[in-house]
Amino acid sequence: LRLVGSEMCIRDRTFIGFLGERWNFGSQNHCDNKLNIYEIGSCKRGNVMKTILFLSPTGTFDNGAEISIFNLMKELSRRGNQIINVFPKSNHQNQQLYIERCRKNNIFPQQLDCVKWWWEEAPGALIGTSEERSASYRSNIGEIRALIKEKQVDLVITNTVNIFQGAVAAALETIPHYWLIHEFPE
């Protein structure tokens, strides 16, 4: 393993993770100085594929971030990984279609009740009181932690900069967390 800035080169097909776990990357060398998410998704921990928990911003197909993450989850599932997709429960007209397409592609959808899914300063209205939102955030973090433990999640991926619950839950459970950021800061 060679570190090049923040990129990795894997010469011996093995990566030692943050917690000392060993990841095997198959038979070919990945030495293009980049380890992309598809290579991460094809990794095996021992002989077991990874369990990856995604946090989605809306649980619909009404934006590019959701469409791109759905395609990534579908590909990772096709490669044999167990994929769990956590998103806010809503009355959006397309959420049922989203759930059906997840199930059809062996992605396990998990809706969470929430007052506000996105962090306080994110775009959108502030719903409920500050205390209600705080209680909802804590509840959602607890539910995500329970999923991490129950499903033995190896990696958490949050598909927007606008939600933090997955990062907090992963940190509390001492497992890796990645952000996929689509937004451009001002």
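If you're wondering where the values come from, they're calculated on a predicted model, not measured in any experiment. Every heavy atom of this structure was used, including side-chain atoms; hydrogens, water molecules and symmetry mates were not.
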message: On a heavy-atom basis, which atom in N81 and which in L76 lie closest, and how many Å separate them?
response: ND2-O, 2.9 Å
field: Value rounded to 0.5 Å, distance of CG in N162 from CD1 in I181
entry: 9.5 Å
field: ring-ring contact (aromatic ring centres under 6.0 Å, His included) against F87, all qualifying residues, sequence neighbours excluded
entry: Y98
query: Would you say the side chain of L55 lies within less than 4.5 Å of the side chain of I144, judging by non-hydrogen atoms?
result: yes
message: Do N94 and F61 make a side-chain contact, defined as non-hydrogen atoms from C-beta onward lying under 4.5 Å apart?
response: no
message: Using a 3.5 Å distance criterion without hydrogens, assess whether the side chain of S136 forms a donor-acceptor pair with backbone atoms of V115.
response: yes
Side-chain (E173) to main-chain (A170) donor-acceptor, under 3.5 angstrom: no
- prompt: NZ of K89 to CG of L112: how many Å apart, nearest 0.5 Å?
  reply: 9.5 Å
query: Would a 4.5 Å heavy-atom cut-off, applied to side chains only, mark Q165 and W117 as touching?
result: yes
message: Going by the rule salt bridge (Lys or Arg N to Asp or Glu O under 4.0 Å), which residues pair with E120 if we only count those two or more places apart in sequence or in a different chain?
response: R133
- prompt: Do side-chain atoms of D154 reach the backbone of T51 as a donor and acceptor pair under 3.5 angstrom?
  reply: yes
query: Taking atom types as modelled, is there a side-chain donor on H182 or N63 under 3.5 Å from an acceptor on the other?
result: no
- prompt: Under 3.5 Å, is there a donor-acceptor pair between the S77 and N105 side chains?
  reply: no
field: Between CG on residue L147 and CD1 on residue I84, distance to nearest 0.5 Å
entry: 6.0 Å
field: Under-4.0 Å salt bridge between R79 and E75
entry: yes
query: Does the side chain to side chain contact (heavy atoms under 4.5 Å, CB included) test come out yes or no for L155 and I175, once each step is laid out?
result: CA-CA 6 Å; L155 172 66; I175 63 168; over 6 Å; no
query: What residues, two or more places apart in sequence or in another chain, satisfy salt bridge (Lys or Arg N to Asp or Glu O under 4.0 Å) together with R138?
result: none
4.5 Å side-chain heavy-atom contact, P109 and R103: yes
L180 side chain reached by I69 side chain, heavy atoms, under 4.5 Å: yes
- line: CD1 (I83) and CE (M73) are apart, to the nearest 0.5 Å, by 8.0 Å
message: So if I apply the side chain to side chain donor-acceptor pair (under 3.5 Å) rule between S56 and each of N85, T160, T158, which one comes out positive?
response: N85
message: If hydrophobic residues (ILVMFWY) are linked whenever their side-chain heavy atoms come closer than 4.5 Å, directly or via other members, who joins L126 in its cluster?
response: none
Smallest separation among heavy atoms of K116 and Y137, with atom names: O-CE2, 3.0 Å
message: I need the minimum non-hydrogen distance between V161 and W119, along with the two atoms involved.
response: O-NE1, 3.1 Å
Residue among H92, Q95, E66 satisfying side chain to side chain donor-acceptor pair (under 3.5 Å) with T58: E66
- request: Work out which heavy atom in G166 is nearest to a heavy atom in V156; give both atom names and the distance.
  value: O-CG1, 3.9 Å
message: Applying salt bridge (Lys or Arg N to Asp or Glu O under 4.0 Å), can you list everything that pairs with K151, at least two apart in sequence or on another chain?
response: none
statement: Between A65 and N159, the two heavy atoms sitting closest are O-ND2, 3.0 Å
statement: Output for pair (I67 CD1, L72 CG), nearest 0.5 Å, gives 14.0 Å
task: Find out whether C102 and F70 are in side-chain contact, i.e. whether some heavy atom of one side chain is under 4.5 Å from a heavy atom of the other.
output: yes
message: I need the minimum non-hydrogen distance between I141 and F164, along with the two atoms involved.
response: CD1-CE1, 4.0 Å
query: So how far is it from I157 CD1 to L53 CG, rounded to the nearest 0.5 Å?
result: 9.0 Å
message: Going by ring-ring contact (aromatic ring centres under 6.0 Å, His included), name the residues that satisfy it together with W179, two or more places apart in sequence or in a different chain.
response: H177
